[in-house]
S.K.: 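Here it is: the structure, laid out below.
We number each residue from 1, following the sequence as shown. Predicted model, so just to flag it, every value in this text is computed and none were measured.
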Amino acid sequence: ALISRLIPSLFSSLALCVILLILNWVLFLVMISIFPVLFLANRLTGKLVKKTVYACQRSFEKFSKGVLFSLRHIDLTRVQTAEEQEISRQTRILEELRSSTGKMIFTYALHGNVQQILTGLSGIIILVAGGISVATRSITLGEFISFYFAAGYLNGFVNTIATSVADIIAGNESMATLHR
């Protein structure tokens, strides 16, 4: 995630910010007014992603340990005629894993959708502010269109950065699990 998506998106975003600042600094300031909200939403949903990734990993560990236990002690389970109890226990563990995985997928989707909605809101703000600027003749229509297209590219890179954060959080949780 870091090498293939995040770093190129960061450099491209910085270059586009410089271009947008040169094109029209007032519209650029209007556009980045949504970034604090984007950052806050990213932090809040990031915490939720971290919590659900942690829960999913614990469920998967429990599942793996249960399968390993069942395989190692299958003869003992048969001798004690405890197959039904073991099947019931493994079914509960599997259901817990399914539930935690579903929650994790939901929080990943929530994180991505919140980021896309907020960057889309940034585009709407630019349209309104740019339309007012064109109507008051403070910028030309051509200047506004070039700014709007460059801002659209920037929004795409910002979405890539924001959605990469969820992958980085999950990777960080996995690394923390390995070091325990």
Side-chain angles (χ1 to χ4, degrees), residues 1-14 16 31-125 151-180:
L2 270 176
I3 294 171
S4 68
R5 291 187 307 184
L6 185 62
I7 293 174
S9 293
L10 282 171
F11 283 121
S12 299
S13 295
L14 288 174
L16 281 169
M31 180 190 70
I32 63 168
S33 67
I34 195 79
F35 281 19
V37 176
L38 185 67
F39 178 76
L40 181 64
N42 202 355
R43 296 268 316 207
L44 293 174
T45 57
K47 287 179 182 180
L48 189 59
V49 166
K50 183 177 180 177
K51 181 180 169 184
T52 58
V53 165
Y54 180 82
C56 185
Q57 287 177 345
R58 299 300 77 77
S59 294
F60 189 77
E61 285 175 8
K62 193 174 182 181
F63 170 73
S64 294
K65 288 176 183 177
V67 168
L68 184 61
F69 176 83
S70 294
L71 291 174
R72 282 187 178 165
H73 303 289
I74 195 163
D75 293 334
L76 181 62
T77 304
R78 286 184 181 153
V79 167
Q80 294 181 348
T81 62
E83 290 100 346
E84 292 299 320
Q85 294 152 341
E86 188 59 28
I87 290 171
S88 175
R89 187 173 76 84
Q90 291 301 324
T91 302
R92 282 192 308 275
I93 292 171
L94 191 58
E95 180 57 31
E96 180 184 324
L97 177 61
R98 187 202 60 77
S99 174
S100 66
T101 303
K103 288 176 185 175
M104 185 182 71
I105 291 168
F106 177 78
T107 57
Y108 262 77
L110 175 70
H111 177 79
N113 286 334
V114 165
Q115 302 309 316
Q116 286 183 345
I117 288 169
L118 290 175
T119 55
L121 181 62
S122 175
I124 292 170
I125 290 171
Y153 282 122
L154 178 63
N155 280 347
F157 288 121
V158 168
N159 278 333
T160 300
I161 292 167
T163 54
S164 294
V165 169
D167 294 334
I168 292 169
I169 290 169
N172 190 34
E173 279 300 304
S174 295
M175 291 299 290
T177 299
L178 288 174
H179 291 292
R180 288 182 203 161

S.K.: As a test of understanding, state which of S9, P8, S12 forms a side chain to side chain contact (heavy atoms under 4.5 Å, CB included) with T160.
M.R.: S9
S.K.: If I take atom CD1 from residue I117 and atom OG from residue S122, how far apart are they, to the nearest 0.5 angstrom?
M.R.: 14.0 Å
S.K.: What's the spacing between Q57 CD and L97 CG if we round to 0.5 Å?
M.R.: 11.5 Å
S.K.: Who pairs with Q85 by side chain to side chain donor-acceptor pair (under 3.5 Å), at least two apart in sequence or on another chain?
M.R.: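 Expected list: none.
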S.K.: Could you grab the distance from atom CD1 of I105 to atom CG of L110, nearest 0.5 Å is fine?
M.R.: 13.5 Å
S.K.: What's the spacing between T91 OG1 and E84 CD if we round to 0.5 Å?
M.R.: 9.5 Å
S.K.: Counting only heavy atoms not in F11 (residues, nucleotides, ligands), do more than 12 fall under 6.0 Å from its CZ?
M.R.: no
S.K.: Side chains of I168 and L6, heavy atoms from C-beta outward: is any pair under 4.5 Å?
M.R.: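 Result yes, sub-4.5 Å side-chain heavy-atom pair found.
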S.K.: Determine which pairs satisfy salt bridge (charged side-chain N to carboxylate O under 4.0 Å, His left out) with at least one residue from residues 97-117, sequence neighbours left out, and list them in order.
M.R.: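 For residues 97-117: E95-R98.
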S.K.: Where do L16 and L154 come nearest, in terms of heavy atoms and distance?
M.R.: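 Heavy-atom minimum between the residues: CD1-N, 3.6 Å.
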S.K.: List in chain and number order the residues that pass side chain to side chain donor-acceptor pair (under 3.5 Å) with Q90, two or more places apart in sequence or in another chain; answer none if no residue qualifies.
M.R.: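 Partners of Q90 by the side chain to side chain donor-acceptor pair (under 3.5 Å) criterion, ordered by chain and then number, come out as S70, E86.
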S.K.: Please report the interatomic distance CG(L121) to OG1(T119), rounded to the nearest 0.5 Å.
M.R.: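 These two atoms lie 9.0 Å from each other.
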S.K.: Mind checking side chain to side chain donor-acceptor pair (under 3.5 Å) for S100 and listing every partner two or more places apart, or none if nothing turns up?
M.R.: S59
S.K.: When the side chains of residues 40-47 are checked against the rest of the protein, which donor-acceptor pairs come out under 3.5 Å, sequence neighbours left out?
M.R.:
residue	atom	partner	partner atom	Å
N42	OD1	H111	NE2	3.4
T45	OG1	A41	O	2.8
T45	OG1	H111	ND1	2.6

S.K.: At their closest point, which heavy atom of T101 faces which heavy atom of C56, and how far apart are they?
M.R.: OG1-SG, 3.5 Å
S.K.: Going from CD1 on I169 to OH on Y108, what distance comes out if it is rounded to the nearest 0.5 angstrom?
M.R.: 8.0 Å
S.K.: Looking at every heavy atom in both T107 and L48, which two are closest together, and how far apart are they?
M.R.: CG2-CG, 3.6 Å
S.K.: Does some side-chain heavy atom of Y54 sit less than 4.5 Å from a side-chain heavy atom of K50?
M.R.: no
S.K.: Under the 3.5 angstrom rule, does the side chain of S64 hit a backbone N or O of F60 as a donor-acceptor pair?
M.R.: yes
S.K.: A side-chain contact here means heavy atoms from C-beta on lying under 4.5 Å apart; do L38 and Q115 qualify?
M.R.: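 Of all side-chain heavy-atom pairs linking Q115 with L38, at least one is under 4.5 Å.
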S.K.: Are V158 and F35 side-chain neighbours, meaning at least one heavy-atom pair lies under 4.5 Å?
M.R.: yes
S.K.: Taking side chain to side chain donor-acceptor pair (under 3.5 Å) as the test, write out the residues that go with K65, two or more places apart.
M.R.: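 Partners of K65 under the side chain to side chain donor-acceptor pair (under 3.5 Å) test: none.
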